[in-house]
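Everything quoted here is computed from the prediction, not taken from an experiment. Values below: every heavy atom of this structure, side chains too, minus hydrogens, waters and symmetry copies. In the text below, chain A, chain B and the rest are named by the order of the sequence lines, each starting its count at 1.
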Amino acid sequence: MIWLVIPVIVLVMMTIGAAIYAVVSKNLLYAVVSTGVVSLGLSLMFFILQAPDVALTEAAIGVALTTIIFIITIRNTTIKECCDEKKSKIESKKGELK
Amino acid sequence: MIKQFFVILILSIVGYFLVDAFFKVPFGEKRDNVGNYYIEKSPVDLKVSNSVTAIVVNYRGFDTLGEVTVLFLAATGLGSIMYRRKQKGEKEVRAKNPSSRIIQIGSQILFPMIILLGGYVFIHGHLSPGGGFQGGAIIATASLLMLISYRKFKVSHNAITWIESIAGVVFASLGFIGLVLGRTFLENFLPTGELNDLLSGGIIGIIYIAVGFKVASELTGVIDTVLLNNRPEAQKEN
Amino acid sequence: MNEFLTISFYGTAIVLMLIGLYAALAKKNLLKIVIGLSIIDSGLHLLFVAVGFISNGTAPIFSPEVLESAQQMVDPVPQALVLTAIVIGFATTAVALALVIRLYKHHNTAAIDEIKNLKW
């Protein structure tokens, strides 16, 4: 089991790094793609834990379908950037003036 | 500032108790529990190679019926939230420019292959890793590919509704036949064949085929509903 | 070796849950809150499957030649539970996103501080 050390370290760093970037980033499209990377790392960890059914399900549903539904929501509502408190007030006032 | 302090306080309390509880469970130790019973009995009584399939469909089959119901409710709720009556002179908004020739021809070639892979996965659910939910998700991904890259591809909601309803009725009626014959609900009443045969396991294969059709049509309907909603620019023109 | 694996699998799952909880509590954009809920789900599923692992075990599927595997098999019950939970988590996320779309079209903003009425 000593050959598991390097893949496990790489997967853990990839998953946690992508999760932190998804929460902190200001561009919403990058955050949604990072959520897909979290699901991908999770699917590989399920494979290392000897669970092939769960890995298949997470890869099919978490990576493909969840990312697509998030991107369709961004397209339908034209939410462009993540807003801080000041930015959201400025943008909504611009919408009222126009 | 007070809000940040409370957030950090809540996170540290939750984190402390989670770490305290779960680090006392030793990782990878041999345990004596109900999983050993399912692993011993499933190739001998039911003649099914995949133990997880036997648990999901046969030993805990009622939970699968509940999950199929929750999926149906979610798809119905989504359709009712996004419902808009069509106003006069309003067309469906699709992509303005067609995709390039490579994408159109490539997706036309890939579409039947992905459906074949999804069908293989849910038919052989009791012999190899896979099953109804995985196969249904793969088929929904295939129809998503065609919806994105082709302008003229339409999914008729009538066909989706009929397939979904018939698959759900098949699942529930297989359970009721067990009641009619005088045994329990969702009991295995067909003869089980030999191990690693396609026709082994009684009603497990038939239930998973019904679940595969139902999940595929439901997820296709969900994606179709969300994808073809009108954009805000088209709304402002009215 | 065993402590390293314990820390990496349990620790990753718990850290993922805490990151998702922070995003759901302290962020003001509606879409970030839904992303946080999805990350909480992912961490929970990993925690469940990691509890059911047995050292030197193999996947709970019988191969065509041997009836009894010589090795011990991994516990199959948490895997069956997580299979159901993944599909239901996706359905919940889809309904939450439909609600986000309706809220945005009515109020024309995506910050929860601006939405002050209770009725949509």
Side-chain angles (χ1 to χ4, degrees), chain B residues 3-4 6-7 10-11 14-15 18-19 22-23 25-31 33-36 38-39 42-44 48-56 59-60 63-64 66-67 70-71 73-75 77-78 81-82 127-129 131 133-134 137 195-196 215 218-219 222 225-226 229 232 235, chain C residues 2-11 13-15 17-19 21-22 25-26 47 50-57 59-65 67-69 72-88 90-95 97-99 101-102 104-105 108:
Chain B
K3 190 177 177 201
Q4 308 259 2
F6 272 120
V7 164
I10 288 179
L11 280 183
V14 170
L18 273 178
V19 165
F22 274 99
F23 271 63
V25 176
F27 184 73
E29 207 182 67
K30 288 188 187 176
R31 297 186 188 102
N33 49 11
V34 74
N36 294 332
Y38 288 150
I39 289 181
S42 123
V44 171
V48 163
S49 312
N50 195 353
S51 309
V52 180
T53 297
I55 292 180
V56 163
Y59 291 117
R60 310 262 168 121
D63 297 338
T64 306
E67 171 188 1
V70 167
L71 258 185
L73 280 178
L78 198 102
I81 289 177
M82 310 272 277
L127 299 175
S128 64
F133 300 106
Q134 289 91 329
L195 193 61
N196 283 128
V215 169
E218 253 167 11
L219 293 181
V222 159
T225 304
V226 177
N229 208 16
Q235 258 187 332
Chain C
N2 209 18
E3 275 113 18
F4 163 72
L5 282 180
T6 304
I7 290 180
S8 57
F9 281 117
Y10 286 165
I14 293 178
V15 165
M17 282 172 68
L18 290 179
I19 288 177
L21 195 61
Y22 170 73
L25 281 179
L47 193 60
V51 166
F53 181 66
I54 293 182
S55 294
N56 290 329
I61 295 176
F62 290 93
S63 43
E65 291 92 22
L67 188 61
E68 277 182 25
S69 289
Q72 176 126 17
M73 287 192 169
V74 170
D75 202 6
V77 176
Q79 297 180 15
L81 301 177
V82 168
L83 207 67
T84 302
I86 290 179
V87 178
I88 292 185
F90 167 70
T92 308
T93 304
V95 174
L97 283 175
L99 283 175
I101 293 181
R102 284 300 291 237
Y104 184 82
K105 283 190 176 164
N108 238 356

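- Within the 4.5 angstrom heavy-atom criterion, atoms from both the backbone and the side chain of C:Leu18 approach chain B.
- Inter-residue side-chain proximity for B:Leu18 and C:Met17 is flagged as met; some heavy-atom pair is nearer than 4.5 Å.
- Here B:Ile39 is the residue among B:Val34, B:Ile39, B:Val222 with the most heavy-atom pairs under 4.5 Å with chain C.
- Across B:Lys30 and C:Ile54, no two heavy atoms sit closer than the pair CG-CG2, 4.3 Å.
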Step by step, would you call C:Phe90 with B:Leu219 a side-chain contact (heavy atoms from CB on, under 4.5 Å)? CA-CA 10 Å; C:Phe90 167 70; B:Leu219 293 181; 3.4 Å; yes

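- Contact count versus chain C (heavy atoms, under 4.5 Å) is highest, among B:Asn33, B:Asn36, B:Asp63, for B:Asn33.
- Only the side chain of B:Gln134 comes within contact range of chain C, with at least one heavy atom under 4.5 Å from a heavy atom of that chain.
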What's the verdict on side-chain contact (heavy atoms from CB on, under 4.5 Å) for B:Phe22 and C:Val51, showing C-alpha distance, side-chain angles and the deciding distance? CA-CA 9 Å; B:Phe22 274 99; C:Val51 166; 4.0 Å; yes

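- Considering only heavy atoms from C-beta on, C:Ile61 stays 4.5 Å or farther from B:Ser128 through its side chain.
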Test B:Val56 against C:Leu83 for side-chain contact (heavy atoms from CB on, under 4.5 Å), laying out the working first. CA-CA 9 Å; B:Val56 163; C:Leu83 207 67; 4.1 Å; yes

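- Scanning all heavy atoms of the two residues, the minimum distance from B:Ile81 to C:Arg102 falls at O-NH1, 2.9 Å.
- Classified by interplanar angle (parallel below 30°, tilted 30° to 60°, perpendicular above 60°), the ring pair B:Phe27/C:Phe9 is parallel.
- Contact of B:Val215 with chain C is not made at all, since no heavy-atom distance falls under 4.5 Å.
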Could you walk me through whether C:Val77 and B:Arg60 satisfy the side-chain contact (heavy atoms from CB on, under 4.5 Å) test, starting with their C-alpha distance in whole Å, then the side-chain angles of each, then the deciding distance to 0.1 Å, before giving a yes or no? CA-CA 10 Å; C:Val77 176; B:Arg60 310 262 168 121; 4.3 Å; yes

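- Proximity of a side-chain donor or acceptor of B:Ser51 to a complementary backbone N or O of C:Pro60 within less than 3.5 Å is detected.
- Heavy-atom pairs under 4.5 Å with chain C peak, among B:Thr64, B:Val25, B:Leu127, at B:Val25.
- The distance from atom CD1 of B:Ile10 to atom CG of C:Leu21, rounded to the nearest 0.5 Å, is 7.5 Å.
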